[in-house]
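Positions are given from 1 along the sequence. What's counted below: heavy atoms across the whole structure, side chains too, no hydrogens, waters or symmetry copies.
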Amino acid sequence: MKNKKNKLNKKWSDIKNFYIYISPWLIYLIVLIVYPMIKSFILCFTDSDFGGKGNFIGLANFVKAFQEDPLFFKVFRNTLWYVVLFVPASLVLSFFIGWLLSRKIHGRGFFRTVFYLPYITAGVAVTMLWGWIFNGDYGLINYILSLLGIPGPHWLTDKRIAMVSIVIMCLWSIGNSILIMLSGIQDIPASYYENARLDGASTFRQIFSITIPLCTPSIFFNLIIGVIGAFQIFNQPYILTKGGPVDSTRTVSMYLFSNAFEYGKMGYASTIAWCLFVIIMLVTILIQSSSKKWVFYDN
């Protein structure tokens, strides 16, 4: 009886210690994630202002978004265009650079640091620096083009290429994706390449028959993270173009921010946020379900 009681006390002691240890994360989860999500979902059905004061209006915010607001679909198209441009380009570049950095070359450690640094230095100052590089009148790119006798375009004020310019700038800071891809490539056993070389396989054939298939888990991870991050793009277009020209670079996150903190329409902003959440969730589920056909794990 005494042993049973001691075991019960130990069990409750372990449970108590468990919740004490995870309490910082649990508080963070409830206060900063769960509660805001529930609150924003409730706000979707109200006309609340920035102070949280408002009335219940049912589905009026959703009706406004899908039937009355012309910018709603435009910002989603802009964001989708950015995702389509950025995600594939980042996957190809990160794999190619990761493969190069996995080779036995002189100064390999230096180059790995150089490619990773933009990821940790990316911020407002760096974005403003890119604004100078892309300046149509005195920017670095147009200056170099002028030396070659080529008239440079207005990168950030031409609605046809403004989003492309932002994509180019964002590709500069994919150091984390490169690092993940490099780790995946280095995990491939060297014996696979040795056997392939003995069979007469060229470097090109080794990449497509060994490296890419066995690196698909890293590609899959970068794809998921890249899609989620790309759908939430905010800083670069907000700093460089403010959504212009003619709203061609205004993204969902920017429009959400404007409605919430500039116009004080918290209810409508929450509606936009939940629409974005649903789209990201659907795309993520689609990628996850398709991964069984193209992601290979070396067991």
(message) Under 4.5 Å side-chain heavy-atom separation, chaining through any Ile, Leu, Val, Met, Phe, Trp or Tyr, what else clusters with I225? Say none if it is isolated.
(response)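 The other cluster members (ILVMFWY side chains, heavy atoms under 4.5 Å, direct or chained) are I180, F221.
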(request) Take the angle between the ring planes of F62 and F45 and call it parallel below 30°, perpendicular above 60°, tilted in between. (result)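 Taking F45 first and then F62, their aromatic rings sit tilted (interplane angle of 30° to 60°).
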(message) Would you call the rings of Y119 and Y116 parallel, tilted or perpendicular, taking 30° and 60° as the class edges?
(response)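 Rings of Y119 and Y116: tilted, as their planes differ by 30° to 60°.
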(message) Would you say W294 and T216 are linked by a side-chain donor-acceptor pair, where the criterion is simply a distance under 3.5 Å?
(response)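 There is no such pair between these side chains.
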Between [X] and [Y], is there a shared hydrophobic cluster once you connect ILVMFWY residues whose side-chain heavy atoms come closer than 4.5 Å?
X    : Y    : answer
V92  : I174 : no
W12  : Y19  : yes
V246 : M254 : no
I33  : I280 : yes
F111 : I178 : yes

(message) Under the rule for side-chain contact (heavy atoms from CB on, under 4.5 Å), what residues qualify as partners of I144, not counting sequence neighbours?
(response)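 Here the qualifying residues are L140.
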(request) Applying side-chain contact (heavy atoms from CB on, under 4.5 Å), name anything that partners V84, two or more places apart in sequence or on another chain. (result)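 Only L80 meet the side-chain contact (heavy atoms from CB on, under 4.5 Å) criterion with V84.
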(request) Please check if atom OH in Y143 has more than 12 non-hydrogen atoms from other residues, nucleotides or ligands closer than 6.0 Å. (result)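 Counting neighbours around OH of Y143, 12 or fewer heavy atoms of other residues, nucleotides or ligands fall under 6.0 Å, so no.
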(request) Determine whether more than 12 heavy atoms belonging to other residues, nucleotides or ligands lie under 6.0 Å from atom CH2 of W25. (result)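 It does not: W25 CH2 has 12 such atoms or fewer within range.
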(request) Check step by step if side-chain contact (heavy atoms from CB on, under 4.5 Å) holds for T211 and I185. (result) CA-CA 7 Å; T211 310; I185 294 172; 4.1 Å; yes
What residues form a ring pair (Phe, Tyr, Trp, His ring centres under 6.0 Å) with [X], not counting sequence neighbours?
X    : answer
F204 : F208
F261 : F50, F257
Y28  : none

(request) Identify, with sequence neighbours excluded, every residue that meets side chain to side chain donor-acceptor pair (under 3.5 Å) alongside S248. (result)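 Checked S248 against side chain to side chain donor-acceptor pair (under 3.5 Å); zero matches.
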(request) For S209, check side chain to side chain donor-acceptor pair (under 3.5 Å) against everything at least two apart and list the hits. (result)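 Per chain and number, S209 pairs via side chain to side chain donor-acceptor pair (under 3.5 Å) with R205.
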Short side-chain to backbone donor-acceptor contact, [X] and [Y], under 3.5 Å:
X    : Y    : answer
D247 : R250 : no
T249 : G244 : yes
T113 : G109 : yes
D47  : N55  : yes
N61  : T46  : yes

Can you measure from [atom1] ([X]) to [atom2] ([Y]) and round to the nearest 0.5 angstrom?
X    : Y    : atom1 : atom2 : result
L182 : F115 : CG    : CZ    : 11.5 Å
I120 : N176 : CD1   : CG    : 10.5 Å
I210 : I188 : CD1   : CD1   : 8.0 Å
Y35  : I30  : OH    : CD1   : 13.0 Å
S218 : D187 : OG    : CG    : 7.5 Å
I285 : Q288 : CD1   : CD    : 9.0 Å

Acceptor/donor pairs from residues 264-271 side chains to any protein atom, 3.5 angstrom cut, sequence neighbours excluded:
from	atom 1	to	atom 2	distance (Å)
Y268	OH	D69	OD2	2.6
S270	OG	M266	O	2.8
T271	OG1	G267	O	3.0

How close do [X] and [Y] get, heavy atom to heavy atom, and via which atoms?
X    : Y   : result
A230 : V83 : CB-CG2, 3.7 Å
P24  : Y21 : CD-O, 3.5 Å
M181 : L91 : CE-O, 4.0 Å
A65  : F73 : O-CE1, 4.0 Å

(message) Test: side chain to side chain donor-acceptor pair (under 3.5 Å). Region: residues 144-170. Which pairs qualify, not counting sequence neighbours?
(response)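 As it turns out, the side chain to side chain donor-acceptor pair (under 3.5 Å) pairs with a partner in residues 144-170, which skip direct neighbours, are N142-W155, D158-R160.
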(request) Could you note down all residue pairs passing side chain to side chain donor-acceptor pair (under 3.5 Å) where residues 83-104 supplies at least one of them, sequence neighbours left out? (result)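 Output for this query is empty, none listed.
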(request) Evaluate the side-chain contact (heavy atoms from CB on, under 4.5 Å) criterion for residues E194 and L198: first the C-alpha distance (whole Å), next the side-chain angles of each, then the deciding distance (0.1 Å), finally the verdict. (result) CA-CA 6 Å; E194 293 171 1; L198 290 174; 5.5 Å; no
(request) Kindly state each residue pair satisfying ring pair (Phe, Tyr, Trp, His ring centres under 6.0 Å) with at least one member in residues 74-96, sequence neighbours excluded. (result)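 Found F72-F76, Y82-F86.
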Taking the side chain as C-beta and beyond, is there a heavy-atom pair between [X] and [Y] under 4.5 Å?
X    : Y    : value
K16  : I20  : yes
Y238 : S253 : no
F220 : I287 : yes
T284 : I224 : yes
I38  : F41  : no

